[in-house]
Undergrad: 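This structure is in structure tokens; I'll ask about it shortly.
The first residue of the sequence shown is numbered 1, and numbering continues consecutively from there. Side chains included, hydrogens not; waters and symmetry mates left out as well; all remaining heavy atoms used. The structure presented is a predicted model; accordingly, all values stated were derived computationally and were not measured.
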Amino acid sequence: MAKHLNDKVGSMEYDKLIAGITPPVKVASGIITKLSAAATYPRGTVLCRSSGTGGDGKLKILGTTASSNENETLTPDCILCDDEDIGTDADANVAVYVMGCFNEDALTVGEEYTITQADKDTLRERGIYLAQVLD
């Protein structure tokens, strides 16, 4: 059977993560620090970058407590593009959104953590804007 240009190739369900087209979505790569217990981070997980004298430049889920004995600073930085299994043996190379407009209600952060205004401001400085998507 011959394929035609108008044949359906696949489908996608809208998950309401991306809330607008301005600014345009930009994707980059990142490295998530391995965990002490394996976990799956869903698409839309907000990640922060480890920096400071004790930082390693890798990503951790927003809401993680910084290592105080190592003078680590955790700064909101990007949003995870796809569901990712994070293991205990090695750091995970992942695709992240570093720019775009995202639905605040579709984002995931660490347990018992709520995104603060300071977090929103820091993300906005990096080109990530948060908005509300109405049903």
Side-chain angles (χ1 to χ4, degrees):
M1 187 163 131
K3 296 270 184 192
H4 300 293
L5 292 176
N6 62 349
D7 286 351
K8 183 176 180 179
V9 176
S11 64
M12 181 185 95
E13 289 189 32
Y14 179 53
D15 63 4
K16 298 184 181 176
L17 176 62
I18 297 175
I21 59 171
T22 304
V25 172
K26 183 176 178 183
V27 177
S29 62
I31 299 173
I32 297 179
T33 303
K34 64 184 176 182
L35 303 173
S36 56
T40 299
Y41 286 178
R43 168 178 158 83
T45 298
V46 181
L47 301 170
C48 52
R49 186 164 306 280
S50 172
S51 61
T53 56
D56 57 9
K58 296 178 185 172
L59 302 170
K60 298 180 180 183
I61 190 170
L62 182 61
T64 301
T65 304
S67 303
S68 60
N69 59 341
E70 297 177 11
N71 295 320
E72 179 182 42
T73 303
L74 297 174
T75 307
D77 189 73
C78 55
I79 297 173
L80 191 60
C81 289
D82 302 302
D83 294 349
E84 294 288 346
D85 294 322
I86 312 301
T88 58
D89 295 332
D91 297 334
N93 292 314
V94 297
V96 293
Y97 294 113
V98 293
M99 185 186 294
C101 183
F102 299 92
N103 178 7
E104 183 176 352
D105 295 332
L107 299 178
T108 301
V109 295
E111 287 185 34
E112 313 249 339
Y113 188 82
T114 302
I115 296 175
T116 66
Q117 186 60 47
D119 295 333
K120 294 176 189 179
D121 292 343
T122 302
L123 288 169
R124 188 172 50 250
E125 290 169 2
R126 285 167 166 66
I128 295 175
Y129 295 83
L130 303 184
Q132 298 291 320
V133 173
L134 303 176
D135 289 326

Undergrad: Where is the tightest heavy-atom contact between Asp56 and Ser50, given as atom of each residue plus distance?
TA: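 That would be N-OG, 3.2 Å.
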Undergrad: For Lys16 versus Ala106, what's the shortest heavy-atom pair and its separation?
TA: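 Distance-wise, the nearest heavy atoms are O-CB, 3.7 Å.
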Undergrad: Measure the spacing between CG of Asp77 and NZ of Lys58 and express it to the nearest 0.5 Å.
TA: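 If we round to the nearest 0.5 Å, Asp77:CG and Lys58:NZ are 15.0 Å apart.
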Undergrad: Are Met99 and Val96 in one and the same hydrophobic cluster, where Ile, Leu, Val, Met, Phe, Trp and Tyr link if side-chain heavy atoms are under 4.5 Å apart?
TA: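 Not linked; separate clusters.
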Undergrad: Looking only at side chains, do Thr116 and Asp119 share a donor and an acceptor under 3.5 Å apart?
TA: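 Their side chains do contain a donor-acceptor pair, which is all the 3.5 Å distance test asks for.
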Undergrad: Determine whether Leu35 and Tyr41 satisfy the following criterion, side chain to side chain contact (heavy atoms under 4.5 Å, CB included), listing intermediate values before the conclusion.
TA: CA-CA 11 Å; Leu35 303 173; Tyr41 286 178; 3.4 Å; yes
Undergrad: Tell me, do Tyr97 and Ile128 make a side-chain contact under 4.5 Å, heavy atoms counted?
TA: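 Not touching, per the 4.5 Å side-chain cut-off.
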Undergrad: Roughly how far, to the nearest 0.5 Å, is the CG atom of Leu130 from the CG atom of Asp121?
TA: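 Interatomic distance, Asp121 CG to Leu130 CG, rounded to 0.5 Å: 10.0 Å.
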Undergrad: Applying a strict under-4.5 Å side-chain criterion to I, L, V, M, F, W and Y, I'd like to know whether Ile18 and Ile79 cluster together.
TA: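 Ile18 clusters together with Ile79.
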Undergrad: Are Thr75 and Cys48 packed together at the side-chain level, in the sense that at least one heavy-atom pair is separated by less than 4.5 angstrom?
TA: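 Result no, sub-4.5 Å side-chain heavy-atom pair not found.
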Undergrad: Is there a path of hydrophobic side-chain contacts, each under 4.5 Å between heavy atoms of I, L, V, M, F, W or Y residues, that connects Ile115 with Leu123?
TA: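 Yes.
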Undergrad: Does Ile32 share a hydrophobic cluster with Leu62, counting links as ILVMFWY side-chain heavy atoms below 4.5 Å and allowing steps through other members?
TA: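 Unlinked, Ile32 and Leu62 end up in two clusters.
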Undergrad: Between Thr33 and Asp91, does any side-chain donor sit less than 3.5 Å from a side-chain acceptor?
TA: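 Short answer, no.
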Undergrad: Would a hydrophobic clustering, with Ile, Leu, Val, Met, Phe, Trp and Tyr connected at side-chain separations under 4.5 Å, put Val25 with Leu80?
TA: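 Per the 4.5 Å side-chain linkage, Val25 and Leu80 are not co-clustered.
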Undergrad: Taking all atoms of both residues into account, what is the closest heavy-atom pair of Val27 and Ala95, and its distance?
TA: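 That closest heavy-atom pairing would be CG1-CB, 4.1 Å.
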Undergrad: Taking the side chain as everything from C-beta on, heavy atoms only, tell me whether Tyr113 gets closer than 4.5 Å to Val46.
TA: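 Sidechains of Val46 and Tyr113: no contact.
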Undergrad: Between Lys34 and Asp89, is there a side-chain N and carboxylate O pair less than 4.0 Å apart?
TA: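 No, no charged N to carboxylate O under 4.0 Å.
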Undergrad: Measure across Val133 and Ala19 and return the closest heavy-atom pair with its distance rounded to 0.1 Å.
TA: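 Val133 and Ala19 have their closest heavy atoms at CG2-CB, 3.6 Å.
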Undergrad: Determine whether Arg126 and Arg49 make a side-chain contact, defined as any pair of heavy atoms from C-beta on separated by less than 4.5 Å.
TA: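 No, every pair of side-chain atoms sits at 4.5 Å or beyond.
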Undergrad: Would you say the side-chain atoms of Arg43 pair up with the backbone N or O of Cys81, donor to acceptor, closer than 3.5 Å?
TA: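 Such a contact is found between Arg43 side chain and Cys81 backbone.
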Undergrad: Kindly indicate whether the side chain of Leu17, heavy atoms from C-beta on, has any atom under 4.5 Å from the side chain of Leu107.
TA: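 Yes - at least one pair of side-chain heavy atoms lies under 4.5 Å apart.
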